[in-house]
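Let me begin by presenting the structure, written as structure tokens, before commenting on it.
The structure displayed is predicted, hence computed values, not measured ones. Whatever order the structure lists them in is the order used to number ligands and atoms, beginning at 1.
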Amino acid sequence: MPPAAADFPLPSETLSLVHTVAEVREAVHAARLRGEKVGVVPTMGALHSGHLSLATSAREECGFVIVTIFVNPSQFGPGEDFEKYPRMLERDLAACRRVGVDLVFVPSAAEIYPDGFRTQVEVTGISNVLEGACRPGHFSGVTTIVLKLLNIVQADSAWFGRKDYQQQVLIRRMCLDLNVPTVIRTCPTVREADGLALSSRNAYLDGEQRESALALSRALKLARDMLVRGETSVERVRQAMRELLEATPRVVVDYVTVAHPETLEELEEPLPEMVALVAARVDSTRLIDNLPVRLPSAPGDRSS
Ligand code: AMP
């Protein structure tokens, strides 16, 4: 019996699940023949409201919305959590259906990296700092898979979260440098009510660890408050962030920084627009977060 309409409160009645490049291409071709704009949201699955906010934004602008789910082995380093990364396809499909996604592409590793695969995409410089410094090779894995997905889907627009701040900077740079026609769109970080940025890795946290994890967003808010109130020494801001994190049980800091929003260069003096970034481990779970900071003299305010 077909499911009742009430089971699917939002638009998509029919969600396709495909596993091959040929099937995605065929579906995109058909959507274009119908005159629809195509949007894609690349993910590693274990979807939460952060991912779904991207799909919802894509839905608002595009007639045909694709979510890709691929836990990309080449962006995990040795000893990282590739094996235990949460995989929950049925739940992800239900979530995609709820927000009106049209097609979910779940390729196998062999579909993405067939025998003989040898190419790496590297955005130089900004890929070696912050996350790149802590996770050697990570961004080359990210930019390679993202370029592949963009080439496979050939969407009008692709949607990324500012939660992975450095990643979206790199992806925009790569697409500019390599004349990728897909427009890169970014959306603000979705948080729990208490400030914790949603992350698939939050699933690893028990109650106490989750409490400790709140220190990341608290440190970022502290940085923003200090800067907005007129602190002129970025070093003092970094120090305060570090102290807050180091005073939290179970937390080990990888980096704290206040950086230029595009070059990601660490600042010594405040700029009208900056980004505060943090990476820390809560026991064995590594978390990242960031907060754009706009000084009050600049018009408007961007909070995420
Ligand atoms: P992932 O599955 O972790 O690779 O993330 C897929 C996409 O979702 C990336 O563009 C992330 O930046 C984005 N994303 C992850 N968490 C959030 C969040 N809390 N808010 C907004 N976007 C997010």
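- Considering backbone and side-chain atoms alike, G161 places an N or O below 3.5 Å from some N or O of ligand 1.
- For ligand 1, none of its N or O atoms has an N or O atom of A197 under 3.5 Å away.
- Of all the listed residues (L47, V190, T186, I145), V190 holds the heavy atom that lies closest to atom 20 (N) of ligand 1.
- Close approach of ligand 1 to L198 (heavy-atom distance below 4.0 Å) involves ligand atoms 16 (N), 17 (C), 18 (C), 19 (N).
- Less than 4.0 angstrom separates some heavy atom of F160 from each of these atoms of ligand 1: 10 (O).
- Here the heavy atom of the protein found nearest to atom 16 (N) of ligand 1 is H48 CE1, 3.3 Å.
- Residue contacts with ligand 1 for L54 involve side-chain atoms from C-beta outward but no N, CA, C or O (heavy atoms, distance under 4.0 Å).
- Annotation: cation-pi pair R281/Y204 absent, no NZ/CZ under 6.0 Å from the ring centroid and within 45° of its normal.
- By the 6.0 Å contact criterion, CD on E265 is open, its count of non-hydrogen atoms from other residues, nucleotides or ligands being 12 or less.
- Distances shorter than 4.0 angstrom do not occur between any heavy atom of R162 and any atom of ligand 1.
- Salt-bridge formation is not detected for the pair R236/E243: no Lys NZ or Arg NE/NH1/NH2 atom is positioned less than 4.0 Å from an Asp or Glu carboxylate oxygen.
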Side-chain donor-acceptor pairs under 3.5 Å in residues 15-22, sequence neighbours left out?
from	atom 1	to	atom 2	distance (Å)
H19	ND1	V106	O	2.8
T20	OG1	E23	N	3.1
T20	OG1	E23	OE1	2.8

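- Checking only distances, D164 does come within under 3.5 Å of ligand 1, N or O to N or O.
- L52 and L89 fall within the same hydrophobic cluster, defined by Ile, Leu, Val, Met, Phe, Trp and Tyr side-chain heavy atoms under 4.5 Å apart, directly or through other members.
- Looking at ligand 1, you'll find an N or O of H51 within less than 3.5 Å of one of its N or O atoms.
- Atom CG in L103 sits 5.0 Å away from atom CD1 in I66 (nearest 0.5 Å).
- Among C187, P42, P188, the residue whose heavy atom lies nearest to atom 21 (C) of ligand 1 is P188.
- By the criterion of side-chain heavy atoms lying less than 4.5 angstrom apart, applied directly or through intervening Ile, Leu, Val, Met, Phe, Trp or Tyr residues, V169 is grouped together with V123 in one hydrophobic cluster.
- Heavy-atom proximity to atom 23 (C) of ligand 1, evaluated over R201, Q167, K163, M44, is greatest for K163.
- A donor and an acceptor atom, one from each side chain of Y113 and N72, are located under 3.5 Å apart.
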